[in-house]
There are 2 protein chains.
Amino acid sequence: MKKSRQPTINDVAREAGVSKKTVSRVINRSPLLNEETRAKVEAVIARLGYVPNPQARALALRRNFLIGVVHDNPNAQTVLRVQRGILEVLRGTEFELVVRPVDRGSPTMLEDVRAFLERQRLFGVVLLPPISENDALAELCDSIGCRYVRMGSAQLDDPDHMVASNDREAVKEAVTYLIEMGHRHIGLVQGPHGFRSAMERRAGFEDALEAAGIPHPKSLVADGNYTFDSGFQAGVRLLDLLPRPTAIFCSNDEMAAGVLHVARQRGLDVPGDLSILGFDDTTLAAHIWPPLTTVRWPVSSMARSAALKLVGGLDGDAVEEPSMFLSTLIRRASVAPPRG
Amino acid sequence: MKKSRQPTINDVAREAGVSKKTVSRVINRSPLLNEETRAKVEAVIARLGYVPNPQARALALRRNFLIGVVHDNPNAQTVLRVQRGILEVLRGTEFELVVRPVDRGSPTMLEDVRAFLERQRLFGVVLLPPISENDALAELCDSIGCRYVRMGSAQLDDPDHMVASNDREAVKEAVTYLIEMGHRHIGLVQGPHGFRSAMERRAGFEDALEAAGIPHPKSLVADGNYTFDSGFQAGVRLLDLLPRPTAIFCSNDEMAAGVLHVARQRGLDVPGDLSILGFDDTTLAAHIWPPLTTVRWPVSSMARSAALKLVGGLDGDAVEEPSMFLSTLIRRASVAPPRG
DNA sequence: TTGTATGCGTTATCAC
DNA sequence: GTGATAACGCATACAA
């Protein structure tokens with residue numbers, strides 16, 4: 001009677017009348033293999049329903065077939081969209097996705113990640129902003145021998161290790177759209193200091209104003225940290241200004257929702273009294289009222305591409321994945337020409 | 001010169017002048033061990049910074065130190081909150097989190113999950129609704145020897161394998177609140193057929209009306225599938241009714257946002273012309289305008305508890321984790337007495 | 001092209 | 001209490 005356990009490489013070898021190594025060669029698609037032998041072994045594999053044991057492979061290869069997402073709690077929607085994108089690519093492969101939040105702030109962050117990577121021996125990791133902007137982290141991955149791909153708002157690494165978006169140009173275009181509508185008094189709610197994305201988006205904002213010859217006093221710039229609450233605070237400050245800005249660009253949608261909240265509390269009409277422009281195009285953007293005009297950050301595509309850079313090209317031919325993704329303006333109802 | 005690789009159990013054994021097995025005993029906290037030996041070995045472990053290799057352990061134990069989240073794409077926010085809750089518990093432990101979306105619909109769903117569990121040999125899994133309602137899935141986990149905890153809106157399993165919320169009572173209470181405000185003509189946007197959560201929430205809705213002696217014609221019930229769009233469609237249908245309902249309860253926040261959208265498009269004042277009540281208390285609820293009165297589904301606590309049921313009690317004493325969690329009404333601004 | 005011997009780092013068996 | 005030795009399932013070096 002057959003044991004009820006799952007078949008191992010030994011079972012296959014015995015059934016097929018070959019050695020373990022030959023089976024191993026079939027599994028790993030070794031090129032130097034007699035076609036007949038291969039077919040014979042593959043038949044047995046199929047009949048037995050044999051699947052290589054990942055734990056044993058991990059031990060022997062000193063490498064796990066796991067892809068990690070390492071992030072420090074940026075926007076919840078973003079994390080999820082990244083996961084989805086990666087999972088789309090991983091579906092049907094032998095890879096699994098493991099999620100690893102870390103605390104950028106913490107002085108031991110780098111050591112934490114190192115311990116994680118060394119212990120789990122991940123096949124590769126996707127680094128999310130803002131920690132993806134940390135060069136030391138990338139070097140760490142390299143030195144450990146863990147593949148990595150960084151996601152971010154600017155090209156911080158070579159194309160094999162980076163998927164980036166053109167935030168600066170995209171924001172410039174979006175703010176230019178505001179200007180073309182007639183806005184001259186435009187507020188900015190910027191992202192956290194030290195974030196590359198915040199920097200790029202602010203630069204795009206300034207580019208647009210500069211190109212139009214519009215001055216941009218500091219009073220029209222409010223700090224935020226990408227949260228709804230910080231957007232709310234920033235909105236309070238900006239809408240207290242006299243004269244009030246007729247439009248506000250927010251470095252992400254969540255803060256835009258916060259500004260919108262303030263506007264509503266004050267009975268302001270959006271977009272009549274105030275136009276609001278966001279960034280990200282999370283689901284929130286389309287679900288609030290009025291639907292938010294925003295810049296779509298192609299995070300799903302970026303995540304898919306990142307995953308492909310990691311696991312793709314394993315079948316021999318290197319896949320040429322794009323490493324630059326274009327953010328585009330999504331025009332909805334929160335922007336209109338200034339009144340009167 | 002020392003090799004640069006990480007120390008293994010052999011290194012520790014050699015340094016400590018004991019056998020591998022003894023080191024193994026120290027690691028696994030074997031009770032029958034000389035205190036002196038233990039101390040000696042532990043000192044060496046600390047000095048060398050030795051950490052057991054998870055891949056080798058997984059192979060030997062036929063069990064991986066991974067916790068899985070198996071879900072079929074329910075609300076994005078929910079997935080994320082669950083992940084966070086679990087990760088809080090896993091932080092600092094030797095466990096990692098792997099995410100596994102599946103396609104309920106698919107005829108091979110059960111086989112997919114089986115293959116996943118058998119191959120990865122997970123330590124345990126958290127099952128999210130609605131697939132957590134599938135008893136066959138639970139039995140499958142059991143038969144494979146994979147621990148599991150189901151999350152859901154009713155007690156579907158014994159406390160060791162279940163964390164549940166009291167949706168029915170919570171909704172009854174919430175709808176009673178609407179009734180006490182003076183509403184008599186209340187619409188319902190229900191969740192997908194076949195979902196236990198949808199059933200429970202609808203039952204709670206009906207309980208409240210029945211207790212108040214209010215009839216509930218079918219015309220006031222609209223179908224939804226927990227998405228914004230379905231909420232929008234349902235809202236269109238309900239707000240076309242004459243007389244128009246003065247309040248609508250939606251089985252989740254996302255659909256409530258959809259209904260709110262319709263109200264806005266028609267220039268209806270919320271809550272003046274229409275009160276809206278949601279369920280979940282996702283971040284969306286507090287971020288839309290007006291802030292949504294909703295029932296808080298304690299998903300984070302439930303997830304933490306689920307994780308603890310899985311990995312807790314490993315140190316000997318079984319932890320007594322609650323398996324029932326109370327949903328509570330969060331009163332915000334989307335509900336008011338009916339006008340006139 | 002295929003097989004043999006050995007290693008990967010841990011736990012389990014069963015002596016001592 | 002502790003240690004030698006054999007699993008665990010696969011891959012690699014080297015030989016045939």
Side-chain angles (χ1 to χ4, degrees), chain A residues 3-42 44-45 48-66 94 118-123 145 314, chain B residues 3-42 44-45 48-66 94 118-123 145 314:
Chain A
K3 297 173 196 168
S4 69
R5 63 180 175 70
Q6 297 159 242
T8 76
I9 198 171
N10 287 311
D11 301 325
V12 176
R14 190 175 349 99
E15 291 279 324
V18 298
S19 74
K20 285 164 44 166
K21 178 55 195 172
T22 301
V23 179
S24 176
R25 286 204 180 86
V26 172
I27 295 168
N28 297 311
R29 307 204 179 129
S30 165
L32 19 83
L33 236 180
N34 188 320
E35 229 5 273
E36 284 179 39
T37 318
R38 176 192 303 279
K40 184 174 61 179
V41 173
E42 275 176 347
V44 176
I45 288 180
L48 261 44
Y50 165 74
V51 179
N53 177 314
Q55 286 77 41
R57 295 186 74 178
L59 181 56
L61 287 170
R62 286 170 212 78
R63 163 162 296 186
N64 230 321
F65 279 29
L66 298 176
E94 55 198 337
E118 283 188 341
R119 279 173 48 65
Q120 299 305 129
R121 295 183 185 276
L122 295 195
F123 187 88
L314 293 183
Chain B
K3 297 171 194 166
S4 68
R5 62 179 177 74
Q6 296 159 243
T8 76
I9 198 172
N10 287 311
D11 300 325
V12 176
R14 190 174 349 97
E15 291 280 324
V18 297
S19 75
K20 286 163 48 164
K21 182 55 192 172
T22 299
V23 179
S24 177
R25 286 200 182 91
V26 173
I27 296 168
N28 297 308
R29 306 201 180 133
S30 165
L32 18 83
L33 236 180
N34 187 320
E35 228 6 272
E36 283 178 39
T37 317
R38 177 191 303 280
K40 184 174 60 179
V41 173
E42 274 176 347
V44 175
I45 288 179
L48 261 47
Y50 164 74
V51 179
N53 177 314
Q55 287 76 40
R57 294 186 66 165
L59 181 58
L61 287 171
R62 286 171 211 76
R63 164 161 296 186
N64 231 319
F65 280 30
L66 298 175
E94 55 199 338
E118 283 188 340
R119 279 173 47 67
Q120 299 305 127
R121 295 184 188 275
L122 296 196
F123 186 88
L314 292 183

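Chain naming here is simple, since letters A, B, ... match the order of the sequence lines and numbering starts at 1 in each. Atoms considered below: every heavy atom in the structure, side chains included; atoms not considered: hydrogens, waters and symmetry mates.
The shortest distance between side-chain heavy atoms of A:Gln6 and A:Asn53 does not fall below 4.5 Å. Using a 4.5 Å cut-off on side-chain heavy atoms (C-beta onward), B:Arg25 and B:Thr37 make no contact. No side-chain heavy atom of B:Leu66 sits under 4.5 Å from any side-chain heavy atom of B:Phe123.
Axis orientation changes by 40° from one end of the helix from C:dT1-D:dA16 to C:dC16-D:dG1 to the other, with each end axis drawn from 5 pairs and the value rounded to 10°.
Nucleotides of DNA chain D nearest to B:Arg121 and B:Leu33 differ in position, and the one nearer the 5' end is that of B:Leu33.
One can place NZ of A:Lys40 at 15 Å from P of C:dT1, the figure rounded to the nearest angstrom. When the P atom of C:dT10 is taken as reference, atom CZ of B:Arg14 falls 13 Å away, rounded to whole Å. The distance between atom NZ of B:Lys21 and atom P of C:dA15, rounded to the nearest whole Å, is 16 Å. Atom CG in A:Asn28 sits roughly 15 Å away from atom P in C:dT2 (whole-Å rounding).
With rounding to the nearest 0.5 Å, the separation of CG in A:Leu61 from CG in A:Asn28 is 7.0 Å. For the atom pair A:Ile27 CD1 and A:Glu42 CD, the distance stands at 10.0 Å (nearest 0.5 Å). Rounding to the nearest 0.5 angstrom, the gap separating the OH atom in B:Tyr50 from the CG atom in B:Asp11 is 9.0 Å. To the nearest 0.5 Å, the span separating CZ on B:Arg14 from OG on B:Ser19 amounts to 13.5 Å.
Taking only side-chain nitrogens and oxygens, B:Asn10 never comes nearer than 4.0 Å to OP1 or OP2 of C:dG9. Phosphate proximity of C:dG3 to A:Ser19: present, with a side-chain N or O under 4.0 Å from OP1 or OP2.
Using a 4.0 Å heavy-atom cutoff across all strands shown, A:Thr37 reaches sugar-phosphate atoms only and no base atom. Backbone-only contact: B:Val18 has heavy atoms under 4.0 Å from sugar-phosphate atoms and none from a base.
Considering every non-hydrogen atom in both B:Gln120 and A:Gln55, the closest pair reads O-NE2, 3.1 Å. Among all heavy-atom pairs drawn from A:Ser24 and A:Ile9, the shortest one is N-CD1, 3.8 Å. The two atoms that bring B:Leu48 and B:Pro7 nearest to each other are O-CG, 3.5 Å, heavy atoms only.
Along DNA chain D, the stretch of nucleotides lying under 4.0 Å from any heavy atom of chain B spans, 5' to 3', D:dG1 to D:dG9.
Listed by residue number, the members of residues 53-66 of chain A with any heavy atom below 4.0 angstrom from DNA chain C are A:Leu59, A:Ala60, A:Arg62.
Here A:Glu94 does not pair with B:Arg119 in a salt bridge; the nearest charged N to carboxylate O distance is not below 4.0 Å.
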